Number of protein chains: 2
Amino acid sequence: MNIVFLLFMVYFVFFIYYLFRQIREMDEKEMEMERPTCPKWRPTEDQIRIMTNIYNYGVTHPSRAQIFEITTRIRAFGEAGEYNVQCWFSNHGNRVRRWQAELDPTGTLFSLLPLYMYGKTLTSSLSF
Amino acid sequence: MNIVFLLFMVYFVFFIYYLFRQIREMDEKEMEMERPTCPKWRPTEDQIRIMTNIYNYGVTHPSRAQIFEITTRIRAFGEAGEYNVQCWFSNHGNRVRRWQAELDPTGTLFSLLPLYMYGKTLTSSLSF
DNA sequence: TATCTATGAATGAACG
DNA sequence: CGTTCATTCATAGATA
């Protein structure tokens, strides 16, 4: 009886050890996914989705107060600064406009939606 | 009875361990599953030669019209988009600047030609 | 086959 | 606002 119990305890200990090890490895991997040293702001997918929605609803140049509100709201999904949001809208607007210009240099194509919504790859979109 | 229990525990432990491992492997596979593969532009040697020549002649930041012209010209050697050319010049400029900074961190060395032209390996070029 | 490297592409940030 | 710089991501080809 004692021997059996002892062996059981030994196996139990190894089992716990293995569980511990597996969990630690998983945690380490997740930690690496979070970009330990990140000099630049890296918006999460949720944050990008929210800001893109706002942009597509027509708010392409949010005011200072709007930027403040957006920033506080997307803080629910991760760190964010007002300057970051301002930069994002600036860049997004810039690049959306550029894509538009590249897709439709003459401005003669008619579309109910901005052309970039059909895809922003140049070569594949030139067949419009 | 005890022996039976012990063996059961042993198998149980291995069973749990394998379950754990399988779950981890599945997670890793899902992580790898990302995009439906988007082919990158691969400039030919002739295209690279032309663009490098243009860059070395001083046109490090071609304008939009220049990019358009370059693109149409190098299309003689293969497919190319304007955005591809812009990316190439951006990347090339970036990397040339980085080479220069690595070769001459203080910016005090004098040379009629960019130092990286003598070779971009650090050790072999520091013997000036 | 698995890791490394080169490089096309993307994008946050800053400048004028 | 458009342009430019810097860093980072992702992947094809090289290499062991």
Side-chain angles (χ1 to χ4, degrees), chain A residues 32-45 47-52 55 59-64 67 70-71 74 77-102 105 116 119-125, chain B residues 25 28-52 55 58-68 70-71 74 77-102 105 107 116 119-122:
Chain A
E32 285 180 0
M33 301 281 298
E34 290 181 5
R35 298 139 203 221
T37 57
C38 202
K40 282 202 262 187
W41 177 56
R42 181 64 43 127
T44 70
E45 234 176 86
Q47 291 174 330
I48 290 176
R49 191 168 37 76
I50 292 176
M51 290 189 292
T52 306
Y55 184 93
V59 185
T60 57
H61 293 97
S63 68
R64 211 176 167 66
I67 286 179
I70 295 169
T71 307
I74 69 175
F77 300 99
E79 186 46 54
E82 297 178 43
Y83 184 63
N84 300 131
V85 174
Q86 183 184 323
C87 270
W88 189 92
F89 273 91
S90 171
N91 282 316
H92 190 68
N94 263 329
R95 279 153 188 161
V96 161
R97 221 174 303 112
R98 171 164 308 186
W99 298 334
Q100 180 86 31
E102 285 177 351
Y116 70 87
K120 52 178 175 172
T121 46
L122 268 173
T123 50
S124 63
S125 299
Chain B
E25 283 183 9
E28 284 180 3
K29 275 199 172 180
E30 280 185 359
M31 294 301 292
E32 289 178 5
M33 297 270 296
E34 285 176 3
R35 290 184 180 179
T37 65
C38 187
K40 282 202 271 188
W41 176 57
R42 180 66 39 147
T44 69
E45 238 176 82
D46 290 316
Q47 291 174 330
I48 291 177
R49 192 170 37 76
I50 292 175
M51 289 189 293
T52 307
Y55 184 94
V59 186
T60 58
H61 292 97
S63 69
R64 226 177 150 62
Q66 287 172 321
I67 286 178
F68 179 77
I70 295 168
T71 306
I74 69 174
F77 302 98
E79 187 43 57
E82 297 178 46
Y83 185 63
N84 300 131
V85 174
Q86 182 182 322
C87 271
W88 188 92
F89 272 89
S90 169
N91 282 315
H92 190 69
N94 265 332
R95 278 149 191 163
V96 161
R97 222 173 297 117
R98 182 171 304 176
W99 298 335
Q100 182 74 27
E102 283 174 355
Y116 70 86
K120 37 179 178 169
T121 45
L122 270 172

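Quick caveat, the model's predicted, so the values are computed rather than measured. Values below: every heavy atom of this structure, side chains too, minus hydrogens, waters and symmetry copies.
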Atom pair distance, as rounded to whole Å: CD in B:Gln86 and P in D:dT4: 9 Å
What does the list of N/O pairs under 3.5 Å between the protein and nucleotides 13-16 of chain C look like, with a distance for each?
{"residue": "C:dA13", "atom": "OP1", "partner": "A:Trp41", "partner atom": "N", "Å": "3.3"}
{"residue": "C:dA13", "atom": "OP1", "partner": "A:Asn84", "partner atom": "ND2", "Å": "2.6"}
{"residue": "C:dA13", "atom": "OP2", "partner": "A:Asn84", "partner atom": "ND2", "Å": "3.0"}
{"residue": "C:dA13", "atom": "N7", "partner": "A:Asn91", "partner atom": "ND2", "Å": "3.0"}
{"residue": "C:dA13", "atom": "N6", "partner": "A:Asn91", "partner atom": "OD1", "Å": "3.0"}
{"residue": "C:dA14", "atom": "OP2", "partner": "A:Tyr83", "partner atom": "OH", "Å": "3.0"}

d(CD, B:Glu102; C1', D:dT7) in whole Å: 14 Å
Point-to-point distance, once rounded to the nearest 0.5 Å, from OG1 of A:Thr52 to CD of A:Glu45: 10.5 Å
Interatomic distance where CD belongs to B:Gln100 and C1' belongs to D:dC5 [whole Å]: 16 Å
Value in whole Å for how far the C1' atom of C:dA6 lies from CD of B:Glu45: 15 Å
Minimum-distance nucleotide to B:Pro43 side chain [options: D:dC5, C:dG8, D:dT7]: C:dG8
B:Tyr55 atom OH, over 12 foreign heavy atoms within 6.0 Å: yes
Donor-acceptor contact present, side-chain A:Trp41 to main-chain A:Glu79, <3.5 Å: yes
Rounded interatomic separation in angstrom, taking NE2 from A:His92 and P from D:dC1: 15 Å
Atom pair CZ/CZ of A:Phe77 and A:Arg49 - distance to nearest 0.5 Å: 6.0 Å
Any A:Arg42 side-chain N or O less than 4.0 Å from OP1/OP2 of D:dT8: no
Result of checking B:Arg97, B:His92, B:Arg98 against B:Asn94 for side-chain hydrogen bond (donor to acceptor under 3.5 Å, both in side chains): B:Arg97
B:Gln47 CD - C:dT7 C1' separation (whole Å): 15 Å
Minimum-distance pair of heavy atoms, taken over all atoms of B:Gln47 and B:Ile74: NE2-O, 3.0 Å
Short side-chain to backbone donor-acceptor contact, B:Ser90 and B:Gln86, under 3.5 Å: no
Under 4.0 angstrom between A:His61 side-chain N/O and D:dC1 OP1 or OP2: yes
Separation of D:dT4 P from B:Tyr55 OH (nearest whole Å): 12 Å
Rounded distance in Å - CZ (B:Phe89) to P (D:dT3): 16 Å
